[in-house]
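Shown next, in structure tokens, is the structure this report addresses.
Side chains are part of it too, since the values below use all heavy atoms of this structure and drop only hydrogens, waters and symmetry mates.
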Amino acid sequence: MTWRPLHSRNAIERVRLTVQFTEPVPAKISRQMAASIQKTQSETRMQGPTPVSTTSFNVMVDPSGAPQVAPQAALPPGWKFERFASNNVPVEACVFDGATFIYESSDYHRWSAMVQRVRKVAQDALQRASDALTFGLISLEYIDRFIFEGRATDAAIPGIFPGLENVLSSEAIEGRQLWHLHRGWYETSGEAILLVNQNMDAQDGQVLGREEPARSLQLTTRADLRSPHNSLEMAGWDSNLDLLHQTTDLHFKKVLSPHLHASVGISS
């Protein structure tokens with residue numbers, strides 16, 4: 001029995017692009033951002049906005065070393081736009097909570113198409129905000145899933161993620177137990193400094209067309225560019241997105257067994 005990607009051409013469950021501001025966005029600019037997305041609704045089929053309310057808090061340490069939670073402060077009102085499939089399941093969203101903007105999609109085909117989609121849906125909104133405020137973080141995250149086509153307890157890890165024999169128990173390696181692995185590191189690319197995080201999570205659950213629970217592995221690969229170590233202005237938006245994509249793509253390819261590359265469109 002073998003592992004297969006979630007879809008026929010890729011394993012991507014969803015992709016998420018996050019932009020975090022260094023300070024809360026004023027309500028006036030938030031309204032302008034929402035209005036810029038509304039202008040393209042007839043073309044993008046994004047529905048909304050619906051309101052999003054968020055509170056924030058800070059944890060401080062008092063002189064005795066005990067943690068103290070500062071009073072909560074309400075962020076400026078946020079909003080959400082969504083696009084739905086024919087079965088009314090959301091497949092795309094733009095969410096803004098007053099300080100963080102997230103674009104998320106489960107309708108992913110190829111990188112160039114996503115870049116064009118983000119440009120059409122959200123780039124004008126981000127440009128309006130960046131004219132007055134500074135980006136503190138730009139992050140790209142891919143969540144991929146692979147399903148084992150056999151009994152869950154036979155789902156050996158070397159068939160999908162080789163090289164983990166020295167960091168997990170033999171029961172996990174052989175598929176007899178569930179497991180989770182998280183790792184993260186900093187790396188440089190030219191003058192850029194990136195924080196990379198990668199999560200691997202074995203899960204058992206129901207799969208359409210199968211009576212018994214199936215074993216799947218969810219792989220999350222995320223790369224962050226953060227200020228002040230990197231230049232995050234809109235002038236460098238396209239190059240920053242490409243760098244984040246190249247970084248996540250590289251580390252996805254590194255961890256995945258070579259015999260599965262072709263099934264997710266990775267050329268040798």
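Side-chain heavy atoms closer than 4.5 Å link hydrophobic residues (I, L, V, M, F, W, Y) into clusters, and following such links, possibly through other members, connects Val19 to Leu225. Two different hydrophobic clusters hold Leu219 and Ile143 under the rule that ILVMFWY side chains link at heavy-atom gaps under 4.5 Å. The cluster map of Ile, Leu, Val, Met, Phe, Trp and Tyr, joined by side-chain heavy atoms under 4.5 Å apart, puts Ile193 and Leu244 in different clusters. Hydrophobic clustering, with ILVMFWY side chains joined whenever heavy atoms are under 4.5 angstrom apart, keeps Leu126 apart from Leu137. In this structure, Trp179 is a member of the same hydrophobic cluster as Phe148, with clusters built from ILVMFWY side-chain heavy atoms closer than 4.5 Å.
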Checklist entry - Taking it one step at a time, do Met200 and Val255 satisfy side chain to side chain contact (heavy atoms under 4.5 Å, CB included)? => result CA-CA 10 Å; Met200 306 173 199; Val255 74; 3.2 Å; yes
Item to check | Check against side chain to side chain contact (heavy atoms under 4.5 Å, CB included), Leu195 and Asn197 | outcome: CA-CA 7 Å; Leu195 173 61; Asn197 282 280; 3.7 Å; yes
Checklist entry - Arg119 and Asp238: salt bridge (Lys or Arg N to Asp or Glu O under 4.0 Å), yes or no, with the steps? => result CA-CA 10 Å; Arg119 183 175 293 135; Asp238 288 344; 3.3 Å; yes
Checklist entry - Going through the checks in order, is the side chain to side chain contact (heavy atoms under 4.5 Å, CB included) test met by Ser189 and Leu243? => result CA-CA 8 Å; Ser189 177; Leu243 175 58; 3.4 Å; yes
Next on the checklist: Quick one, Tyr108 with Tyr142, criterion ring pair (Phe, Tyr, Trp, His ring centres under 6.0 Å). Give me CA distance, side-chain angles, the key distance, then yes/no.
Outcome noted: CA-CA 10 Å; Tyr108 184 97; Tyr142 283 96; 5.5 Å; yes
Next on the checklist: Val95 vs Phe101, test: side chain to side chain contact (heavy atoms under 4.5 Å, CB included). Steps then yes/no.
Outcome noted: CA-CA 6 Å; Val95 183; Phe101 176 90; over 6 Å; no
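A salt bridge links Arg117 to Glu92: one of the charged nitrogens lies within less than 4.0 Å of a carboxylate oxygen.
With sequence neighbours left out, Glu171 forms a salt bridge (charged side-chain N to carboxylate O under 4.0 Å, His left out) with Arg176. Remark: Asp124 pairs with Arg128 by the salt bridge (charged side-chain N to carboxylate O under 4.0 Å, His left out) rule, at least two apart or across chains. Taking Arg4 as the reference, Glu149 meet the side chain to side chain donor-acceptor pair (under 3.5 Å) condition, with sequence neighbours excluded. Residues forming a salt bridge (charged side-chain N to carboxylate O under 4.0 Å, His left out) with Arg9 (at least two apart in sequence, or on another chain): none. Residues passing the side-chain contact (heavy atoms from CB on, under 4.5 Å) test with Ser263 are Pro5, Leu260, sequence neighbours excluded. With sequence neighbours left out, Thr22 forms a side chain to side chain donor-acceptor pair (under 3.5 Å) with no residue at all. Ser216 pairs by the side chain to side chain donor-acceptor pair (under 3.5 Å) definition with Arg145, not counting sequence neighbours. Scanning for side chain to side chain donor-acceptor pair (under 3.5 Å) contacts around Thr153 gives an empty result, with sequence neighbours left out.
Looking at Asp224, its side chain never comes within 3.5 Å of a backbone N or O of Arg226 through a donor-acceptor pair. Between the Thr188 side chain and the Gly190 main chain, no donor and acceptor come within less than 3.5 Å of each other. In this structure a side-chain-to-backbone donor-acceptor pair under 3.5 Å is missing from His182 to Asp201. Trp3 places a side-chain N or O within donor-acceptor distance of the main-chain N or O of Ala156, the cut-off being under 3.5 Å. Side-chain atoms of Ser227 do not come within 3.5 Å of backbone N or O of Asn230 as any donor-acceptor pair.
For the pair Ser139/Arg222, a side-chain contact is recorded, criterion being any heavy-atom separation below 4.5 Å from C-beta on. For the pair Leu133/Glu23, a side-chain contact is recorded, criterion being any heavy-atom separation below 4.5 Å from C-beta on. Counting only heavy atoms from C-beta outward, the side chains of Tyr103 and Met114 approach each other to under 4.5 Å. For the pair Phe161/Leu256, a side-chain contact is recorded, criterion being any heavy-atom separation below 4.5 Å from C-beta on. Contact annotation: the side chain of Phe81 never approaches that of Val121 to less than 4.5 Å [non-hydrogen atoms, C-beta and beyond]. Counting heavy atoms from C-beta on, the side chains of Ile102 and Thr100 come closer than 4.5 Å. The shortest side-chain heavy-atom distance between Leu181 and Asn199 does not fall under the 4.5 Å cut-off. The side-chain heavy atoms of Arg14 and Ile12, taken from C-beta on, include no pair separated by under 4.5 Å.
One side chain, Gln198 or Thr221, offers a donor N or O that lies under 3.5 Å from an acceptor on the other. In this model, a donor atom of one side chain and an acceptor atom of the other lie less than 3.5 Å apart for Gln127 and Asp131. Side-chain contact annotation: Gln41 with Gln47, donor-acceptor N/O pair under 3.5 Å absent.
Think of Val91 as one node in a network of Ile, Leu, Val, Met, Phe, Trp and Tyr side chains linked at under 4.5 Å; it has no links at all. In the hydrophobic clustering, Leu250 connects to no other residue, as no ILVMFWY side-chain heavy atoms lie under 4.5 Å from its own.
Nearest heavy atoms, Ala132 versus Ile29: CB-CD1, 3.5 Å. Scanning all heavy atoms of the two residues, the minimum distance from Leu178 to Ala202 falls at CD2-O, 3.7 Å. Shortest non-hydrogen contact noted between Ala223 and Leu194 is CB-CD2, 4.3 Å. Across Pro24 and Ala99, no two heavy atoms sit closer than the pair CA-CB, 4.4 Å. Nearest heavy-atom pair, Glu82 versus Phe84, reported as atom, atom and distance to 0.1 Å: OE1-CZ, 3.6 Å. Pairing each heavy atom of Asp204 with each of Ala152, the nearest pair is OD1-CB, 3.8 Å.
Within the model, atoms CD of Gln246 and CG of Leu140 stand 11.0 Å from one another, a figure rounded to the nearest 0.5 Å. Distance OG/Ser106 to NE2/His7: 7.5 Å, rounded to 0.5 Å. Ile157 contributes atom CD1, which lies 9.5 Å from atom CD of Glu174 (distance to the nearest 0.5 angstrom). In this structure, Gln218 CD and Asp144 CG are separated by 9.0 Å, a value rounded to the nearest 0.5 Å.
Taking a 6.0 Å sphere around CD of Glu191, one finds it holds 12 or fewer heavy atoms contributed by other residues, nucleotides or ligands. Within a 6.0 Å sphere centred on CG of Asn166, other residues, nucleotides and ligands contribute 12 heavy atoms or fewer.
Taking the six-membered ring wherever Trp is involved, the centroid distance between the rings of Phe96 and Trp79 falls below 6.0 Å.
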Less than 3.5 Å apart, which donor and acceptor atoms pair up between the side chains of residues 31-40 and the rest of the protein, not counting sequence neighbours?
residue: Ser36; atom: OG; partner: Met33; partner atom: O; Å: 2.7
residue: Ser36; atom: OG; partner: Ala125; partner atom: N; Å: 3.4
residue: Thr40; atom: OG1; partner: Ile37; partner atom: O; Å: 3.0

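Pairs of residues two or more places apart, or lying in two chains, that qualify as ring-ring contact (aromatic ring centres under 6.0 Å, His included) and include a residue from residues 211-253 are Trp111-His245, Trp185-His251.
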